[in-house]
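A quick write-up on the structure given underneath.
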Protein chains: 2
Amino acid sequence: MATPRKQVLIDTAYRLFNQHGYHATGIDRILADSGVSKATLYKHFKSKEELILEVLQQRHEQLYAMLERAMQENKSSHPALALFDALNNWFQSEHFYGCNFIKAGGEYPQIQDPIHSFSAWHKNSVSQLLSRYLPENQQYLSNAFCLLADGAIIAAQIRGQKDAAKQAKIFAQQLLTAHI
Amino acid sequence: MATPRKQVLIDTAYRLFNQHGYHATGIDRILADSGVSKATLYKHFKSKEELILEVLQQRHEQLYAMLERAMQENKSSHPALALFDALNNWFQSEHFYGCNFIKAGGEYPQIQDPIHSFSAWHKNSVSQLLSRYLPENQQYLSNAFCLLADGAIIAAQIRGQKDAAKQAKIFAQQLLTAHI
DNA sequence: ATTGAAATGAACAGGTCTGTTCACTATCCT
DNA sequence: AGGATAGTGAACAGACCTGTTCATTTCAAT
């Protein structure tokens, strides 16, 4: 069963946005790479912005599910630390181009922009997910883990520091044990 | 004494890049806002890319000098912690739109791109500056502080969490005291 | 007052951008 | 067989993009 055209567009756009950025990726390039006609794109999405939002929406669902699974499986000493194992796997993969939401929030800096506010919402929901896997008396560490995680993403993306997640995990561990 | 045209262009471009991003800011908008003619721009800069690089260069010098001064003045309990006080001041200012270098590295994702590699170089030089203000036996904390700092920048920029630097400072303090 | 450097304004070239429209085709369901 | 659904290809509009060119103006230093 062939992939529906709409999904082909989303997948292609996702890849191109990652490789080249949102503004730098034109509609025509997405169409050429996906082999879909322009009329079809504008039947499924009323604008480029809507396509971007759907790409981010799907990416959010993937990521959220992946993190939740990782923390439930709990291979690390503490469930919340599994976040950094997941990050590490991501950084090692060929398809790591930084965080979509950080980059989208950077390219659309106005907080009232739907793309920016969706990115903010995503980051908030990850923070809340994290706090569900921290004990009652260590809720405040959710913020620390978010800082370390986003910092690691930046280090890996900008500086090419692919071991950033491993380092972040060590520091997160130290914070956990510092206050038991 | 009037500001030279070249500097007017750099200042205007800096503001517009911050407010709207690099791709989203066209040359014509920079010219209109600065009141400089197009011929003059292309006498001082051979391309838009060169203008971006000079904007980043000046920003790097400002930032680096500011951080070095903050750590030398050393109003916090530990010189390296002054980084977070500086970040906090920045986040509170009206002119905070996130880190130029993170956003530039996001909009120009190819590591061989001069804009991306300059951003990487900037982040590395801040990391080295930091390690100069950490004792011999705590050098590894330079990485931790970088992660916390960049994470705080993202939290403030994307999520509007303006107290991110204050939180980051607390966690940095805990890491410092955890290993004395 | 003259010269020379610096900047201007305006037009132009050649692309690229998003988004629209329309006649036509392929496919599946009944 | 007939009709609905989905997609194609191509052309078009109108705006915006970077970068070039050149005749003209401004202005400070000599």
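Since we're looking at a predicted model, the values are computed, not measured. Below, read A as the first sequence line, B as the second, and so on, with proteins coming before strands; counting in each chain starts at 1.
Applying the side chain to side chain donor-acceptor pair (under 3.5 Å) definition to pairs two or more places apart or across chains, those involving residues 102-119 of chain A are A/His23-A/Glu107. A ring-ring contact (aromatic ring centres under 6.0 Å, His included) check over residues 133-165 of chain A, counting only residues at least two apart or in different chains, returns the pairs A/Phe84-A/Phe145. Pairs of residues two or more places apart, or lying in two chains, never qualify as ring-ring contact (aromatic ring centres under 6.0 Å, His included) while including a residue from residues 148-173 of chain B. Residue pairs that meet the salt bridge (charged side-chain N to carboxylate O under 4.0 Å, His left out) test with at least one member in residues 159-179 of chain A, sequence neighbours left out, are A/Asp85-A/Lys169. Contacts classified as salt bridge (charged side-chain N to carboxylate O under 4.0 Å, His left out) and involving residues 115-140 of chain B (residues at least two apart or in different chains) are given here: B/Glu68-B/Arg132, B/Lys123-B/Asp150. Listed by first and then second residue, the salt bridge (charged side-chain N to carboxylate O under 4.0 Å, His left out) pairs that reach into residues 13-34 of chain A are A/Arg15-A/Asp33, A/Asp28-A/Lys38, A/Arg29-A/Asp33, sequence neighbours excluded.
Within residues 26-54 of chain A, the residues approached by DNA chain D to less than 4.0 Å at the level of any non-hydrogen atom are A/Gly35, A/Val36, A/Ser37, A/Ala39, A/Thr40, A/Lys43, A/His44, in residue-number order. The stretch residues 6-21 of chain B has no heavy atom under 4.0 Å from DNA chain D, so no residue of it qualifies as close.
The salt bridge (Lys or Arg N to Asp or Glu O under 4.0 Å) search around B/Lys6 returns B/Glu54, not counting sequence neighbours.
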